[in-house]
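Heavy-atom basis, side chains included; hydrogens, waters and symmetry copies ignored. Letters A, B, ... mirror the listed sequences (proteins, then strands); counts begin at 1.
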Protein chains: 2
Amino acid sequence: MIERESGIPYYWQLMEIIRRQIVNGRLKEGQRIPSEIELSSAYRVNRHTVRQAIGELCRSGELYKQRGRGTFVAKPPVDLFEYRLSPKTSFTDDIREAGKTPDSRLLAWREVTAPVHVAEALGLAADERVFALDIRRLVNRQPFLFSKVFLSAARLPGLAGFIDKFRSLPAIYDAYGLSPRRVKSVFRASFPEQEEAVALDIPGNLPVLKVESVLKSQDGVLIEYSVSCYRSDFAKVSIDW
Amino acid sequence: MIERESGIPYYWQLMEIIRRQIVNGRLKEGQRIPSEIELSSAYRVNRHTVRQAIGELCRSGELYKQRGRGTFVAKPPVDLFEYRLSPKTSFTDDIREAGKTPDSRLLAWREVTAPVHVAEALGLAADERVFALDIRRLVNRQPFLFSKVFLSAARLPGLAGFIDKFRSLPAIYDAYGLSPRRVKSVFRASFPEQEEAVALDIPGNLPVLKVESVLKSQDGVLIEYSVSCYRSDFAKVSIDW
DNA sequence: ATCGATTTGTCCGTATGTATT
DNA sequence: AAATACATACGGACAAATCGA
């Protein structure tokens, strides 16, 4: 029950009450919690106060709301899947080796003038063209990472013609007789952009691990620049030195 | 001005209005924005609606509030400092090379029985002892990373005696004639633990980049396991393959 | 050091809209 | 179509922190 004279904000007390009910199992994963009105009358506080408490718990990922349905207990964090990055990585093969089911889908692509940071990373002239591919990869049917991949158009003539038959990046490289290798990777943490949050089916307040990579073909030409966005609740990335 | 019939939530429109004033310079960094009451009457919306708009902009880091003083325009994000990780890294030297001022401080240390995950990572027996060091590193006087470093006690006899004279990890290794190399690193994103947030002087809702590393001495023995916690608003970590 | 004005924080009440069941 | 649940918006009140006269 809410203590009126404790000086502790009601919404804060209510957050703790709900948290306790989650940890001691009175509220279970995926279960609907009482509606705002019900909580409001049960604990004798205004509905706005309830909304404030629930809002905070949603922002911290402990609950989630669905308009018209209710508010639900979020899934507890699962064990992280460790994805091993190497100079020459094939997502599909790597996941299969780990005994999981990979899936890869090209969500969208277009040919554009290289954005500044891409041109810089690949050492391209300011007006050079690149293919920009949005790729989502799943592990065991769960969204795992979202990549924006930029490929130097000059190195891949005619790609636009058969990119729709896309199966995998390695397949494209094979078709051009290329076998690029990673030369640099940059790791950072952040919140997802909206596009990334949508593709990964995560809330905007869940951190993501972003990995920028630059790949070089066997003849020494920088050919691919990508930014991969990993769900922090599902993925970690490892390297062996 | 707020469009009443557009179907776009008022608080959303107000967010955009404030954002525009920030980007076009009408509101400058550190400057106080009009009070809630002033905005409320200027744009003819309720004070709560103003609070909702401002609240969102605070959560996304564009504004910050000070009770009794007002609401202010936050600093734009600074460029991330890229820290290059290699098999044999000396923080102090690396930062100096980049033309910045490094600083390293041992916040605490103790000798303990190896925690499970540490014993696992270092291949130690369950009851082996390790030194646990809490180290904070600064770049240009700003907290940059916080590390928990675990050193195999068996490999460093008598360390307890002079650890207080700690200058740097490389100095300790030198004293034992060791020159360990990184063998594995694991990257993930998360929120900081409270201890980490305090040491880095960041709020608990700022993501951090965590890097676990295992180091092996030149004779092939695993000797150090560390978890480094980097501020996502200041640091990114790169590797060359 | 005090007081009053200002500003944000918390809380209550109410009404209407929109999505889901 | 009706009921339910969350989303947005308006109104008012008092508390707590800050600042300047």
Side-chain angles (χ1 to χ4, degrees), chain A residues 1-18 21 27 30-74 194 197-198 201 203-205, chain B residues 1-18 21 27 30-74 203-205:
Chain A
M1 198 37 62
I2 306 284
E3 293 177 13
R4 304 283 157 172
E5 306 298 338
S6 66
I8 300 168
Y10 297 176
Y11 78 95
W12 213 75
Q13 296 186 44
L14 185 52
M15 284 174 66
E16 287 308 309
I17 289 171
I18 295 172
Q21 298 192 352
L27 290 172
Q31 185 183 334
R32 223 205 71 198
I33 72 170
S35 73
E36 293 173 353
I37 305 252
E38 285 166 346
L39 288 170
S40 166
S41 73
Y43 293 100
R44 308 277 167 178
V45 292
N46 188 273
R47 186 176 153 224
H48 291 309
T49 308
V50 173
R51 278 178 63 74
Q52 196 170 359
I54 289 177
E56 295 283 339
L57 290 169
C58 286
R59 271 189 289 281
S60 65
E62 294 159 82
L63 300 177
Y64 61 91
K65 291 188 271 198
Q66 284 183 23
R67 188 172 178 166
R69 297 224 309 138
T71 302
F72 303 83
V73 179
Q194 189 175 354
V198 170
D201 189 26
N205 58 14
Chain B
M1 199 35 62
I2 306 283
E3 294 177 13
R4 304 282 156 173
E5 306 298 337
S6 66
I8 301 168
Y10 297 176
Y11 78 94
W12 221 72
Q13 295 185 45
L14 185 53
M15 284 173 67
E16 287 309 309
I17 288 171
I18 295 172
Q21 298 191 354
L27 291 172
Q31 186 183 331
R32 222 205 72 196
I33 73 171
S35 73
E36 294 171 354
I37 304 252
E38 284 167 346
L39 288 170
S40 167
S41 72
Y43 293 101
R44 309 278 166 177
V45 291
N46 189 273
R47 184 182 155 217
H48 294 307
T49 308
V50 173
R51 279 179 62 74
Q52 195 171 358
I54 289 177
E56 296 283 341
L57 290 170
C58 286
R59 270 189 290 282
S60 64
E62 293 159 83
L63 301 176
Y64 62 90
K65 290 188 270 199
Q66 284 182 23
R67 186 174 180 170
R69 298 223 313 136
T71 304
F72 303 83
V73 179
N205 59 8

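Nearest heavy atoms, A:I17 versus A:Y43: CG2-OH, 3.4 Å. Pairing each heavy atom of B:G61 with each of B:A74, the nearest pair is O-CB, 3.2 Å.
Within the model, atoms CD of A:Q66 and CZ of A:R32 stand 11.5 Å from one another, a figure rounded to the nearest 0.5 Å. Atoms CE and CG, on A:M1 and A:L14 in that order, are 10.0 Å from each other to the nearest 0.5 Å. Note that CD of B:Q52 is 13.0 Å distant from OH of B:Y10, once rounded to the nearest 0.5 Å. The structure places CD of B:E16 at 8.5 Å from CG of B:L57, a figure rounded to the nearest 0.5 Å.
A donor-acceptor pair under 3.5 Å is formed between the side chain of B:S40 and the backbone N or O of B:V45. Judged purely by atom type and a 3.5 angstrom limit, B:Q13 uses its side chain to pair as donor or acceptor with the backbone of B:E3.
If A:Y10 and B:E38 are placed on DNA chain C by their nearest nucleotide, the residue sitting closer to the 5' end is B:E38. Nearest-nucleotide positions on DNA chain D place A:I54 closer to the 5' end than the other of A:H48 and A:I54. For the pair A:T49 and A:G68, nearest-nucleotide mapping onto DNA chain C gives the more 5' position to A:T49.
Listed pair A:T71 / D:dC6 meets the phosphate criterion, a side-chain N or O lying under 4.0 Å from OP1 or OP2. Between B:N46 and D:dG11 there is a side-chain polar atom (N or O) within less than 4.0 angstrom of OP1 or OP2. Contact annotation: B:Y11 reaches the phosphate of D:dT8 (side-chain N/O to OP1 or OP2, under 4.0 Å). Taking side-chain N and O atoms only, A:K65 has no distance below 4.0 Å to OP1 or OP2 of D:dA5.
Between B:E36 atom CD and D:dA17 atom C1' there is a gap of 13 Å when expressed in whole angstrom units. Atom CD in A:Q66 sits about 14 Å away from atom C1' in D:dT4, given to the nearest Å. Regarding B:I37, its CD1 atom lies at a distance of 12 Å from the P atom of D:dG11, rounded to whole Å. Taking atom CZ on A:R69 and atom C1' on D:dA7, their separation rounds to 17 Å, with Å as the unit. Look at CZ on B:R47: it is 12 Å from C1' on D:dG11, rounded to the nearest Å. One interatomic measurement links the two molecules: CG of B:L14 to P of D:dT8, which rounds to 14 Å at whole-angstrom precision. Rounded to an integer number of Å, the gap from OH of B:Y64 to C1' of D:dA17 is 16 Å. Going from atom CD of A:Q52 over to atom P of D:dA7 covers 14 Å, rounded to whole Å.
Here the nucleotide nearest the side chain of A:R51, chosen from D:dT18, D:dC6, D:dC10, is D:dC6.
For DNA chain C, the outermost nucleotides in 5' to 3' order that have an atom under 4.0 Å from a heavy atom of chain A are C:dT10 to C:dT21.
With B:Y11 as the fixed residue, the side chain to side chain contact (heavy atoms under 4.5 Å, CB included) test singles out one of B:I2, B:I54, B:N46, B:T49: B:T49.
An angle of 10°, rounded to 10°, separates the two end axes of the helix from C:dT2-D:dA21 to C:dT21-D:dA2, each defined over five pairs.
For A:R44, the CZ atom counts as loosely surrounded, since its 6.0 Å shell holds 12 or fewer non-hydrogen atoms of other residues, nucleotides or ligands.
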